[in-house]
Amino acid sequence: MSVARLSDRVRRELTYLSYPAREWTIPRHRDGARVLDVLIVGGGQGGLATAFGLKLERVVNIRIVDRNRRGLEGPWRRFARMKALRTQKEVTGLDLGIPSLTPRAWYEARFGRRAWERIQKLSPREWREYLDWYRDVLELPVENNIEVTLIEPAGDLLLAHLRRRGRTERVHARKIVLATGFDGSGRWRAPPTLVTELPAKRYAHSTEDIDFARLKGKRVGVLGVGASALDNAASALEAGAAKVDLCFRRAEFPRVNPLTWTHFAGMLGHFGELTDLERWRFMRRILDEFPQPPPQDSYWRCRKFENFVWHADCAWRSIRDEGGVATVETKAGTFRFDFIIFATGAQWDLASRCELAPIAHHIALWRDQFTPPPGEESDVLANYPYLGPAFEFTERKPGIAPFLGRLHNFTYGATASFGLTGAAITGLRYGVRRLVNGLVRDLFREDAAAYYRDLLAYAEPELETLDSAIAWLEKLGADSLTWSPTDLDHAILAEDSQAARY
Ligand SMILES: Cc1cc2nc3c(=O)[nH]c(=O)nc-3n(C[C@H](O)[C@H](O)[C@H](O)COP(=O)(O)OP(=O)(O)OC[C@H]3O[C@@H](n4cnc5c(N)ncnc54)[C@H](O)[C@@H]3O)c2cc1C
């Protein structure tokens, strides 16, 4: 089957799921414009799946914006430098249960069934191509090159500032979903104490654009031990770097991946229902004590180069730039590099996000809501936002910032509260369901009084009685017709028995 035929099938299947078809949210207006029901910030996989989920629930008064160009949403065509995803190829989630929308259906249509059997995993580029197709076939209206620069309360709504080509549009929304990615609750960060004296040309964070060709013949230092550390080291080696030293603090390579353990329905779907103490204990083990190891492929990719050396127990203490070379003092001695790549991940800091900066101080973090038992503290976990049941932010001080209930955090920052969800391919299946259910529930409940008024005013007759039929005929001026009541009875009974078949 070709991709075009698969697309037809998706469209056809969606018609089978068209019940209930009614678009039901009640229009609101502010400053002469229609208020959005939902504004989705981020057109990566999380934003796309949320938009599709809302569409299935007939919430269509939405916008999805992304600051990147079309096709460059998320890391996949930019800094995901691995050959293959870590995720197993059978993963589902974005499809929301529709088989023809799964990665497998797309891959088989695009490359053939044999190809599917041959591959172990999808490459990042294939994953992005799948997302491009998903966006197109579902006609999800992503608007690219728009950045949300600020979100603020506006009475009983939220007001978002959308910047495009230097111009700012102000948009009111009842709900805003932040599907802003792995770093959406903070920022990618090289350790500030190490880079203060380094000129910008001497280093990059692993998520930046790096011209690897320029590293040919150079000595490259990589700090970190996760997937990105190994994939960036491999990219430098493949580009002809003279030597790559990979340094990390831990005594050895992490080898066990606790996130893989979480891949079962109970955990993925219902972790959020556990008590705070239970959630803390699970997540402390997963997010703090046991870092994710690099994938096997990434390890072998580096290991085959003789000029690749890794150094465990090698915390970096300081760096100075001397004569065009970075001299790094570490626990394991002194290193000299022409270029450094910091694969040091992201730091959770809501205030560092421009869109959240003015309201970040109102947002509750785990450290505000939960005190761990002695000996079970975790600075890492304490900095994660403490979210409500549908990913909404919660208030640090009750009653001070109720608008936070309209702002939903579907980023990796949600992991402490709900486990893997939006910003992980493996978490989408349950995460999107939880988020969309919560959004739809809130939109409906907020307008319960208006729906009740609508019910009271509802006067669409579904049943025709003899009296109403006569009245109807009279209205048509058909009183000259020679219908007897018995004729009408028969006509109505015939209608009824027809209807009963359905
Ligand atoms: C290098 C890398 C490899 C990964 N590999 C895997 C893997 O193999 N398996 C797995 O399960 N997970 C993986 N992940 C985790 C996760 O799947 C990805 O981070 C994924 O991209 C998350 O999807 P998302 O939609 O949440 O965010 P993204 O795909 O990052 O999309 C977020 C979008 O939000 C936009 N945005 C951000 N801020 C704004 C703003 N203020 N205004 C407008 N737009 C904004 C960005 O431009 C971006 O396009 C990986 C992550 C990284 C970084």
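First listed ligand is number 1; within each ligand, the first listed atom is number 1. Because the structure is predicted, anything quoted here is derived from the model rather than measured.
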- Query: Numbering the atoms of ligand 1 from 1, which are under 4.0 Å from a heavy atom of G42?
  - Reply: 33 (C), 34 (O), 35 (C)
- If you count the atoms of ligand 1 from 1 in the order shown, which ones are under 4.0 Å from a heavy atom of G46? 24 (P), 25 (O)
- Is the number of heavy atoms from other residues, nucleotides or ligands within 6.0 Å of CZ (R353) greater than 12? yes
- Message: Looking only at side-chain N and O atoms, does N409 offer a donor or acceptor that is under 3.5 Å from a partner on S185?
- Response: yes
- Which protein non-hydrogen atom lies closest to atom 38 (N) of ligand 1, naming both residue and atom, and how far is it? R353 NH2, 3.1 Å
- Run the numbers for me: atoms of ligand 1, each under 4.0 Å from some heavy atom of L85, listed by number. 8 (O)
- With respect to atom 20 (C) of ligand 1, which of Q45, H263, R128 exhibits the smallest heavy-atom separation? Q45
- Query: Counting only heavy atoms not in R70, do more than 12 fall under 6.0 Å of its CZ?
  - Reply: yes
- Task: Using a strict cut-off of less than 4.0 Å between a Lys/Arg side-chain nitrogen and an Asp/Glu carboxylate oxygen, indicate whether R214 and D338 qualify as a salt bridge.
- Result: no
- Message: Any salt bridge linking R113 with E108? Criterion: basic side-chain nitrogen under 4.0 Å from a carboxylate oxygen.
- Response: yes
- Relative to the heavy atoms of F79, which atoms of ligand 1 are at a distance of less than 4.0 Å? 53 (C)
- Query: For ligand 1, which part of R67 has a heavy atom less than 4.0 Å away: the side chain, the backbone, both, or neither?
  - Reply: both
- Answer yes or no: is there a donor N or O on one side and an acceptor on the other, between the side chain of K83 and the main chain of S298, under 3.5 Å? no
- Query: What atoms in ligand 1 come closer than 4.0 Å to a heavy atom of I425?
  - Reply: 9 (N), 10 (C), 11 (O), 12 (N), 17 (O)
- Item | Ligand-residue contact atoms, ligand 1 with R86, heavy atoms, under 4.0 Å | 7 (C), 8 (O)
- Nearest protein heavy-atom contact for atom 21 (O) of ligand 1: which residue, which atom, what distance? P75 CD, 3.0 Å
- Shortest reach to atom 46 (C) of ligand 1 by a heavy atom, considering only L259, D66, L178: D66
- Side chain, backbone, both or neither: which part of Y412 comes within less than 4.0 Å of ligand 1 when only heavy atoms are counted? neither
- Part of V41 within contact of ligand 1 (heavy atoms, under 4.0 Å): side chain
- Query: So, does I146 sit close enough to ligand 1 that a heavy atom of it is under 4.0 Å from the ligand?
  - Reply: yes
- Task: Determine, stepwise, if the pair Y384 / W348 fulfils ring pair (Phe, Tyr, Trp, His ring centres under 6.0 Å).
- Result: CA-CA 7 Å; Y384 275 78; W348 309 137; 5.3 Å; yes
- Residue, atom name and distance, where the atom is the protein heavy atom closest to atom 50 (C) of ligand 1: W76 CH2, 3.9 Å
- Where is the nearest protein heavy atom to atom 10 (C) of ligand 1: which residue, which atom, and how far? T87 OG1, 3.2 Å
- Is the backbone of P389 close enough, under 3.5 Å, to the side chain of R434 for a donor and an acceptor to pair up by distance? yes
- Query: Where on R81 is there a heavy atom closer than 4.0 Å to ligand 1, on the side chain, on the backbone, on both, or on neither?
  - Reply: neither
- atom 28 (P) of ligand 1 has as its nearest protein heavy atom G74 CA, 3.6 Å
- Check: F111 and I119 side chains under 4.5 Å, non-hydrogen atoms: no
- Item | Centroid separation W188 to F342 less than 6.0 Å | no
- Task: List every atom of ligand 1 that sits less than 4.0 Å from any heavy atom of A179, numbering the atoms from 1 in the order shown and giving each element.
- Result: 32 (C), 33 (C), 34 (O)
- Item | M82 neighbourhood, listing ligand 1 atoms whose heavy-atom distance to it stays under 4.0 Å | 3 (C), 4 (C), 5 (N)
- Does CZ in R11 sit with more than 12 non-hydrogen atoms of other residues, nucleotides or ligands closer than 6.0 Å? yes
- Task: Could you tell me whether a side-chain N or O of N307 sits under 3.5 Å from a main-chain N or O of A241, the two making a donor and an acceptor?
- Result: yes
- Note on the structure: The protein heavy atom nearest to atom 1 (C) of ligand 1 is A80 CA, 3.9 Å
- Message: Using a 4.0 Å heavy-atom cut-off, which part of C354 comes near ligand 1: side chain, backbone, both, or neither?
- Response: neither
- Message: Within the 4.5 Å heavy-atom criterion, are V432 and F410 side-chain neighbours or not?
- Response: yes
